[in-house]
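None of the values given here were measured: they were computed from a predicted structure.
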Amino acid sequence: MDARRLKLIILVHVCQLATSWCFSSVSVNTVVSLDQFRWHIRCERQQVTRLFSSSSPPQPSKQSYPKIIDPNSWPEKFPAKNHCSKCGLCETKYVTHVIDACAFLGEGMKRNIDGMEERVHGRRRNLNDFMSNNDDNNTADEARFGVMHSPMVLARGKQIPNAQWTGCVTGIAVSMLEAGMVDAVVCIASSGDDGWSNPEPILARTVEEVIRGRGVKPALAPSLRVLEELERSTDVKRLLFCGVGCAVQAFRAIEHELPLEEVYVLGTNCADNSPTPEAAREFLRRIVPDVSREKTILGYEFMQDFRVHVKYEGINKILSYERLPYFSLPGDVAEFAISDSCLACFDYTNALADVVVGYMAAPLDSNSMEQSYQTITVRNSRGELMVQSALEAGRLTLGSVATGSGSHESFVSATVSADNVVQAMVGGELKTEGMPRFVGNIVASVMRAVGPKGVNFARYSLDYHLLRNYLHVIDEWGEGGKSMVPEYATTIVKKYLETDTSFRELAERIQSKPDSC
């Protein structure tokens, strides 16, 4: 299509928008809100965009990316564009596998999770093992949480000072290296003065190097950037790869290409990372300006008490916390603080890792991360060996089977309906300010008292993200967006579409927009 025709199309759409806006305003004697106007502009822009692209996730040809892509050109030059999670694959020669490996191209996570789960674990998850509010089962179900070699259990790490939590992940990695199970560990270390937010992938060969990887980095991290270094390292034949779901998926897709004899994968639960370290720091500047400006930040988490816990170094280097209710967060922080790739993610629980460490399903029985329980999910016999090595080394203790209580589905529905990201899709009213802090704390305390706990809180968090992200992909790519949703997520979404009127109406509003704009 030539430039003249493009200009004509844009002009027609703009004129249509202006005409409908003016006449609707005059006829009802009202003024269209700024939020509604932005939504209409967004719809028109997406309609024009779709004239030049298919209504499905990006799917370049296999010949499109034969060369390594400069990381400084992210995201524009990367195959998944704004939905690229910066896993690092395209920054290596393995970019030639991107079409079959990327979690955000074509069928993406459906292709990866549904296609590789059995190869990795020996079987697929049991989709009939599904818990809803009407069931008595209060332990983790496979339909949501993935293949389980044994039930999800509570755990604490030991002997890992200055970990963000108790050091479960680092403890397992260090133990495997010390025991000679692996020759090296791929992990994300910290770099720069603001180490907590600056991810740096490393191929760690010593305990000291592995310990550099402790702590959560809240920004997208290019874990696979070290693949070529790994290939050149003839001394590394047994590897532990640590990563979040999208990176693990890409790694699993190409691991057979690597000169390795033994591979172990240690995963973490993950949701809503910031696109860059700068965005993560800006998020904290917005929510806790005094702490961000005056203290040394060590990390933050969205916790089970409906508050964001910001850990920082206080007087005499004593660990301290600032806790802000979810409900007091500025309404517009998601616009810059959440990566587009995270809005299209359906692998919160890291389906293809051998062992997964998380915290949402654990009880919040302490006011500090470094004393609270986490959870461990063992998916196969390799994972069992990994956990056993940490137990034998005294770097890990296991508690009881993780359990839960309380209704979660009604909380999911309310959260999705009120979410600013979702409201932006349907042209709803966007909140710019959160509740006053004292009011937010009251609401958070009530929610914690009456809301879901333990495994059921994890179900609440998981279902909320699945539903929100389902709405995002059908908003971005229409019916084509459904092609990237894994079977387990489709099952959960279908249940809510059948039983939750408000969610069904949101989906219908998005699908009824012109070309699902």
Side-chain angles (χ1 to χ4, degrees), residues 57-60 62 64-71 74-75 77-121 146 185-188 199-203 217 219-231 239-260 263-271 273 275 339-356 379 469 484-486:
Q59 182 66 61
K62 293 196 175 186
S64 299
Y65 294 95
K67 296 181 180 179
I68 296 171
I69 303 175
D70 181 355
W74 180 86
K77 297 294 180 65
F78 283 68
K81 307 301 182 185
N82 287 342
H83 285 87
C84 172
S85 66
K86 204 188 296 186
C87 74
L89 180 73
C90 293
E91 300 173 36
T92 72
K93 72 176 189 179
Y94 294 97
V95 64
T96 54
H97 295 272
V98 67
I99 305 303
D100 301 317
C102 178
F104 304 99
L105 289 179
E107 292 190 343
M109 294 196 174
K110 178 177 178 60
R111 174 193 65 239
N112 290 347
I113 294 175
D114 294 353
M116 289 192 281
E117 206 168 49
E118 185 171 4
R119 172 173 70 78
V120 171
H121 305 309
V185 177
V186 173
C187 58
I188 297 294
E200 177 191 355
I202 61 172
L203 183 64
K217 291 77 182 176
L220 300 180
S223 303
L224 280 73
R225 185 183 289 171
V226 300
L227 287 180
E228 291 187 18
E229 178 188 354
L230 172 62
E231 187 178 52
L239 180 75
L240 171 63
F241 181 87
C242 303
V244 297
C246 54
V248 168
Q249 288 180 41
F251 177 76
R252 287 297 197 191
I254 57 92
E255 65 176 308
H256 62 281
E257 299 285 335
L258 301 171
L260 297 171
V263 173
Y264 301 89
V265 176
L266 177 54
T268 57
N269 292 159
C270 178
N273 272 336
S339 169
D340 284 352
S341 59
C342 296
L343 295 176
C345 177
F346 298 93
D347 197 17
Y348 187 141
T349 58
N350 215 319
L352 301 180
D354 300 316
V355 173
V356 183
R379 300 208 185 282
N469 292 5
M484 68 190 302
V485 183

With side chain to side chain contact (heavy atoms under 4.5 Å, CB included) as the test, would you mind laying out the steps for L239 and L203 before giving the verdict?
-> CA-CA 9 Å; L239 180 75; L203 183 64; 3.9 Å; yes
In sequence, state the C-alpha distance, the side-chain angles, and the governing distance for V186 and C242, and then conclude on side chain to side chain contact (heavy atoms under 4.5 Å, CB included).
-> CA-CA 6 Å; V186 173; C242 303; over 6 Å; no
Take E107 and K110, measure what salt bridge (Lys or Arg N to Asp or Glu O under 4.0 Å) needs, and give me the verdict at the end.
-> CA-CA 6 Å; E107 292 190 343; K110 178 177 178 60; over 6 Å; no
Carefully, step by step, assess F104 and S85 under the rule side chain to side chain contact (heavy atoms under 4.5 Å, CB included).
-> CA-CA 8 Å; F104 304 99; S85 66; 3.5 Å; yes
Criterion side chain to side chain contact (heavy atoms under 4.5 Å, CB included) on T349 and V356, from CA distance to verdict | CA-CA 7 Å; T349 58; V356 183; 5.7 Å; no
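Nearest heavy-atom pair across P275 and W74 is O-CH2, 3.8 Å. Closest non-hydrogen pair, E117 versus A351, comes out as OE2-CB, 4.0 Å. A pairwise comparison of heavy atoms in D347 and G245 identifies OD2-CA, 3.4 Å as the closest pair. Residues H97 and I254 share a closest heavy-atom pair of CB-CG2, 3.6 Å.
Looking at E229, E231, E257 one by one, the single match for salt bridge (Lys or Arg N to Asp or Glu O under 4.0 Å) with K93 turns out to be E231.
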For residues 219-226, tabulate all N or O donor-acceptor pairs below 3.5 Å that involve a side-chain atom, not counting sequence neighbours.
unit_1, atom_1, unit_2, atom_2, d
R225, NE, E91, OE1, 2.5
R225, NH2, E91, OE1, 3.0

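Taking 4.5 Å as the limit, some side-chain heavy atom of P79 sits within range of a side-chain heavy atom of C90. No side-chain heavy atom of D100 sits less than 4.5 Å from a side-chain heavy atom of L105. Proximity of V120 to R252: side-chain heavy atoms (C-beta onward) are separated by under 4.5 Å at one or more points. At least one side-chain heavy atom of I202 sits less than 4.5 Å from a side-chain heavy atom of E200. Side-chain contact between C270 and Y348: absent, with no pair of heavy atoms (C-beta onward) separated by less than 4.5 Å. Between C102 and F78, the closest side-chain pair of non-hydrogen atoms is not below 4.5 Å.
Not counting sequence neighbours, R379 has no partner by the salt bridge (charged side-chain N to carboxylate O under 4.0 Å, His left out) test.
Atom CG of L352 and atom SG of C246 lie 11.5 Å apart (nearest 0.5 Å). The CG atom of D354 lies 9.0 Å from the OH atom of Y264; values are rounded to the nearest 0.5 Å. One distance of note links CD1 of I68 with CG of L89; it measures 10.5 Å at 0.5 Å rounding. Rounding to the nearest 0.5 Å gives a distance of 9.5 Å between CD1 of I69 and NZ of K77. How far CD of Q249 is from CZ of R111: 8.5 Å, rounded to the nearest 0.5 Å. Rounded to the nearest 0.5 angstrom, N82 CG and S339 OG are separated by 8.5 Å.
A donor-acceptor distance shorter than 3.5 angstrom exists from the side chain of N350 to the backbone of G243, with no hydrogens or angles considered. A donor-acceptor pair under 3.5 Å links the side-chain atoms of N112 to the main chain of A101, judged by distance alone. Using a distance-only test at 3.5 Å, with no hydrogens or angles considered, no donor-acceptor pair links the side chain of H83 to the main chain of L343.
Ring pair F251/F241 is parallel by interplanar angle, where below 30° counts as parallel and above 60° as perpendicular.
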